[in-house]
Amino acid sequence: MGLIAQLLTLPVAPVRGTAWVLDQVVLAAEREYYDPAPIREQLAALERRLLDGEIDEDEFDRYEDELLDRLAECETYRNRTTNNS
């Protein structure tokens, strides 16, 4: 970018900086939300609760379905972002 272009776009520099920061926040939030590791940990904890008798089979199935759906959502997101790169 040339000097004149930089001078002409100087007034919008704070907007570009703010947009970049917001993009970074969104990317960090997506990485955290779509991280499969915590979901796998929750699945393991759920199974321990079932084996310890804290929850019954119906409750286990309900929570397991929710977690497996989240895991599938994570996999879909990761495949979509990998294919777009």
Side-chain angles (χ1 to χ4, degrees):
M1 191 182 289
L3 179 61
I4 294 176
Q6 285 181 342
L7 289 174
L8 292 175
T9 60
L10 190 60
V12 294
V15 174
R16 282 195 312 253
T18 303
W20 179 85
V21 169
L22 289 175
D23 285 342
Q24 297 305 307
V25 169
V26 168
L27 288 173
E30 285 179 345
R31 277 193 302 270
E32 185 174 327
Y33 183 78
Y34 291 111
D35 183 7
I39 299 168
R40 289 188 182 109
E41 290 171 8
Q42 290 175 350
L43 280 167
L46 184 65
E47 186 173 9
R48 281 192 301 275
R49 291 181 64 200
L50 176 67
L51 295 175
D52 291 343
E54 295 177 26
I55 59 174
D56 63 8
E57 193 73 35
D58 290 335
E59 192 173 2
F60 173 81
D61 288 340
R62 187 174 60 249
Y63 288 131
E64 182 188 40
D65 286 343
E66 291 174 11
L67 290 171
L68 290 175
D69 288 345
R70 280 278 300 121
L71 204 53
E73 182 182 356
C74 291
E75 188 64 31
T76 300
Y77 173 81
R78 292 169 70 88
N79 287 338
R80 189 179 72 228
T81 57
T82 302
N83 292 337
N84 287 340
S85 295

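Residue indices begin at 1 and follow the sequence shown. Every value quoted in this text rests on a predicted model; they were computed, and no experiment measured them.
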Examine distances only and state if a side-chain atom of Asp35 and a backbone atom of Ala37 form a donor-acceptor pair shorter than 3.5 Å. yes
For the pair Leu71 and Leu43, evaluate side-chain contact (heavy atoms from CB on, under 4.5 Å) and give the outcome as yes or no after the intermediate values. CA-CA 10 Å; Leu71 204 53; Leu43 280 167; 4.2 Å; yes
State yes or no: do Ile39 and Tyr34 share one hydrophobic cluster built from I, L, V, M, F, W and Y residues joined by side-chain heavy-atom distances below 4.5 Å, directly or via other members? no
As an exercise, state the distance from CD of Glu57 to CG of Asp61, rounded to the nearest 0.5 Å. 5.0 Å
Begin from the C-alpha positions of Arg70 and Glu73 and carry the test salt bridge (Lys or Arg N to Asp or Glu O under 4.0 Å) through to its verdict. CA-CA 5 Å; Arg70 280 278 300 121; Glu73 182 182 356; 3.5 Å; yes
Glu30: which residues meet the side-chain hydrogen bond (donor to acceptor under 3.5 Å, both in side chains) condition with it, sequence neighbours left out? Tyr77
Tyr33: partners by ring pair (Phe, Tyr, Trp, His ring centres under 6.0 Å), with sequence neighbours left out: none
Separation between CD of Glu66 and CD of Gln42, rounded to the nearest 0.5 Å: 10.0 Å
Residue pair Leu46 / Ile55, side-chain heavy-atom distance below 4.5 Å: yes
Does CZ belonging to Arg49 count more than 12 external heavy atoms closer than 6.0 Å? yes
Quick one: CD on Glu75 to OG1 on Thr82, what's the gap to the nearest 0.5 Å? 8.5 Å
Rounded to the nearest 0.5 Å, what separates atom OH in Tyr63 from atom CG in Leu50? 13.0 Å
Look up atom CD in Glu41 and atom CG in Leu67, then write down how far apart they are to the nearest 0.5 Å. 11.5 Å
Verify the neighbour count for atom CD of Gln24: are there more than 12 heavy atoms of other residues, nucleotides or ligands below 6.0 Å? yes
